[in-house]
2 protein chains.
Amino acid sequence: MSADEREREILATAESLLAQRPLHEISVDDLACGAGLSRSAFYFYFASKEQVLLSLLDRLVEDQLIEERDAPRNLADDPPGVWRHVLSASFERWSAHRGVLRATMEARATSAQVREVWGRLLGRFVDRTAAAIDAERVRGAAPAGVPARDLAICLCLMNEKVFEAMAAGAQPAVAEAATLDALVGVWLTAIYGATPFPAAAAQVVRQRRLSRSRHA
Amino acid sequence: MSADEREREILATAESLLAQRPLHEISVDDLACGAGLSRSAFYFYFASKEQVLLSLLDRLVEDQLIEERDAPRNLADDPPGVWRHVLSASFERWSAHRGVLRATMEARATSAQVREVWGRLLGRFVDRTAAAIDAERVRGAAPAGVPARDLAICLCLMNEKVFEAMAAGAQPAVAEAATLDALVGVWLTAIYGATPFPAAAAQVVRQRRLSRSRHA
DNA sequence: CACAGATTCGACACGGTGTCGACAGAGCCA
DNA sequence: TGGCTCTGTCGACACCGTGTCGAATCTGTG
């Protein structure tokens with residue numbers, strides 16, 4: 001069996017074990033045995049458990065990048081449809097690879113590298129979202145309110161957490177079948193919905209000016 | 001020095017170390033030394049590092065319970081003010097004890113007990129929120145939309161994550177000074193804002209009926 | 001055949017955890 | 001005073017998972 005195959009074997013073992021139990025219950029030994037080698041031979045292919053996870057994660061990041069390129073840009077035609085499409089893509093991805101997601105969340109606590117990769121991924125998503133919200137506001141389709149970037153961060157973090165809770169089977173969590181609808185609903189109201197509270201809105205606008213002048 | 005004092009000493013050491021570095025970089029030895037005892041003496045007071053964290057966490061849970069008792073119930077008078085007040089309380093708490101929050105999030109991956117305590121805390125918050133949203137809808141102050149409980153879960157998880165990101169200094173995160181405003185803004189629009197998308201709203205309502213009949 | 005590179009393995013050292021039995025001081029009673 | 005128990009403290013040990021290293025083996029090539 002070639003080195004390349006062995007490497008893939010390790011990755012496959014990792015993905016399948018991660019579907020069964022959390023990262024900290026999987027030892028390098030488990031990975032090595034699963035791929036049919038001794039623990040020390042494992043280190044010939046990967047420097048650590050963490051690097052295996054990073055490989056697994058890289059694939060999914062790659063996926064996401066491709067998808068971003070193909071994402072619809074014509075938000076004006078059908079905003080709910082486009083947003084749903086975008087959210088649905090991450091939902092599908094993380095629901096299909098929930099083991100990797102769970103492990104990533106777990107490893108973020110200990111590995112700066114995992115933190116960085118995940119942060120970049122999320123950051124890109126936030127950037128896209130913030131730009132889209134801004135565009136909708138300029139177009140007059142969305143009302144002013146929470147600063148676009150802050151809103152985008154909140155919404156993206158919400159998704160992350162909701163997916164994570166789903167992947168980990170945590171309590172409380174949204175039922176899996178209802179997750180996408182709930183998220184799309186919250187995004188649409190948070191972005192396009194205006195509240196009937198002028199005072200609160202004014203406060204947010206003040207805040208917005210403040211944060212603008214702070215940036216300047 | 002009495003046993004009680006020693007115990008408090010350990011807790012104080014833990015809280016102060018957690019303000020400096022993450023849980024996994026703090027060993028039982030560090031805790032023991034900090035409190036002026038040997039590692040094995042530590043085990044006389046606590047069964048593990050995890051139990052120390054649980055003690056720290058219990059205090060804050062206690063706080064939260066007291067606050068829930070005193071929380072304003074007259075949502076109708078000034079919705080934005082009441083919501084802001086409620087969110088502000090957790091914001092203050094977790095921003096003052098961010099080390100404990102960060103450690104809790106970290107320990108949740110490995111400790112079922114931490115998971116459970118946190119789940120209960122969050123669960124209570126979700127219940128309150130869902131009940132309040134329902135009441136606002138019945139009253140006619142909030143439009144129908146995402147099922148109240150799902151919406152509550154999404155919003156609570158969003159808060160958790162945004163606080164966590166703040167506590168961990170993660171990227172991307174909302175600037176600390178803008179956090180509360182952003183969250184209140186998203187909550188208000190998500191709960192009270194109606195979207196101008198009838199089709200999407202209908203879809204959510206359909207989904208809602210479905211999930212109801214599933215529950216029945 | 002001999003050699004180089006690739007691959008595997010057993011043995012080791014390290015660091016953190018949790019347990020155990022020995023021991024010391026304090027208070028109490030005879 | 002001696003002996004007892006309860007509370008704390010400690011050093012030593014066993015355990016587990018990690019990562020390293022050098023020796024052994026295997027494989028293809030000149």
Side-chain angles (χ1 to χ4, degrees), chain A residues 1-18 20-57 99 102-115, chain B residues 1-14 16-18 20-57 99 102-104 106-115:
Chain A
M1 205 186 265
S2 84
D4 228 42
E5 277 175 287
R6 286 237 186 259
E7 193 171 316
R8 255 176 286 136
E9 196 64 29
I10 292 176
L11 289 172
T13 307
E15 177 118 31
S16 106
L17 287 182
L18 281 175
Q20 295 163 30
R21 35 188 159 115
L23 184 62
H24 70 273
E25 286 180 19
I26 297 171
S27 67
V28 171
D29 211 22
D30 295 332
L31 256 32
C33 288
L37 1 85
S38 74
R39 200 174 63 83
S40 36
F42 166 91
Y43 286 99
F44 181 78
Y45 297 98
F46 291 96
S48 67
K49 210 162 66 170
E50 179 193 320
Q51 296 303 317
V52 177
L53 175 60
L54 280 166
S55 271
L56 251 24
L57 191 52
R102 194 160 38 138
T104 302
M105 296 300 120
E106 197 183 331
R108 216 165 28 150
T110 53
S111 156
Q113 221 177 334
V114 170
R115 238 177 349 255
Chain B
M1 204 187 264
S2 83
D4 229 42
E5 279 173 286
R6 286 238 186 259
E7 194 172 316
R8 256 174 287 138
E9 197 63 29
I10 293 176
L11 289 171
T13 307
S16 106
L17 287 181
L18 281 175
Q20 295 163 30
R21 36 189 158 115
L23 185 62
H24 71 273
E25 285 180 18
I26 297 172
S27 67
V28 170
D29 212 21
D30 295 331
L31 256 29
C33 288
L37 0 83
S38 74
R39 200 173 64 82
S40 35
F42 166 92
Y43 286 98
F44 181 79
Y45 298 97
F46 291 97
S48 66
K49 209 162 64 169
E50 180 193 318
Q51 296 302 317
V52 176
L53 175 60
L54 279 166
S55 271
L56 251 23
L57 190 52
R102 194 164 34 143
T104 302
E106 196 183 333
R108 217 164 28 151
T110 53
S111 156
Q113 223 177 332
V114 171
R115 237 176 351 252

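Note that these values count all heavy atoms, side chains included, but never hydrogens, waters or copies made by symmetry. Chain A is the first sequence line, chain B the second, and so forth, proteins listed ahead of strands; every chain is numbered from 1.
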On DNA chain D, check which nucleotide each of B:S40 and B:S2 is closest to and give me the residue with the more 5' one.
B:S2
Return the set of residues passing side chain to side chain donor-acceptor pair (under 3.5 Å) with B:E5 (not counting sequence neighbours), or none when no residue passes.
B:S2
Once salt bridge (charged side-chain N to carboxylate O under 4.0 Å, His left out) is applied, do any residues pair with B:R108, and if so which ones, sequence neighbours excluded?
B:E160
Applying side-chain contact (heavy atoms from CB on, under 4.5 Å), can you list everything that pairs with B:A35, at least two apart in sequence or on another chain?
B:E9, B:I10, B:T13, B:L37
Sequence neighbours excluded, which residues qualify as side-chain contact (heavy atoms from CB on, under 4.5 Å) partners of A:S27?
A:D29, A:D30
How far does CZ of B:R102 sit from CG of B:L23, to the nearest 0.5 angstrom?
10.0 Å
Test for a donor-acceptor pair under 3.5 Å between the base of D:dG17 and the side chain of A:R39, counting only N and O atoms.
no
Check: A:H24 main-chain N/O paired with A:E106 side-chain donor or acceptor under 3.5 Å
yes
Within residues 44-53 of chain A, which residues have any heavy atom lying less than 4.0 Å from an atom of DNA chain D?
A:S48, A:K49
Give the residues of residues 3-14 of chain A touching DNA chain D, defined as any heavy atom closer than 4.0 Å, sorted by residue number.
none
Among residues 23-30 of chain B, which contact DNA chain D at a heavy-atom distance under 4.0 Å?
none
Hey, where on DNA chain C does chain B first and last touch, going 5' to 3'? Cut-off is any atom under 4.0 Å from a heavy atom.
C:dT17 to C:dT19
Donor-acceptor contacts under 3.5 Å from residues 39-49 of chain B side chains, at least two apart:
residue: B:S48; atom: OG; partner: B:E50; partner atom: N; Å: 3.4
residue: B:S48; atom: OG; partner: B:Q51; partner atom: N; Å: 3.4
residue: B:K49; atom: NZ; partner: B:I26; partner atom: O; Å: 3.0

With five pairs defining each end axis, the helix from C:dC1-D:dG30 to C:dA30-D:dT1 comes out bent, to 10°, by 30°
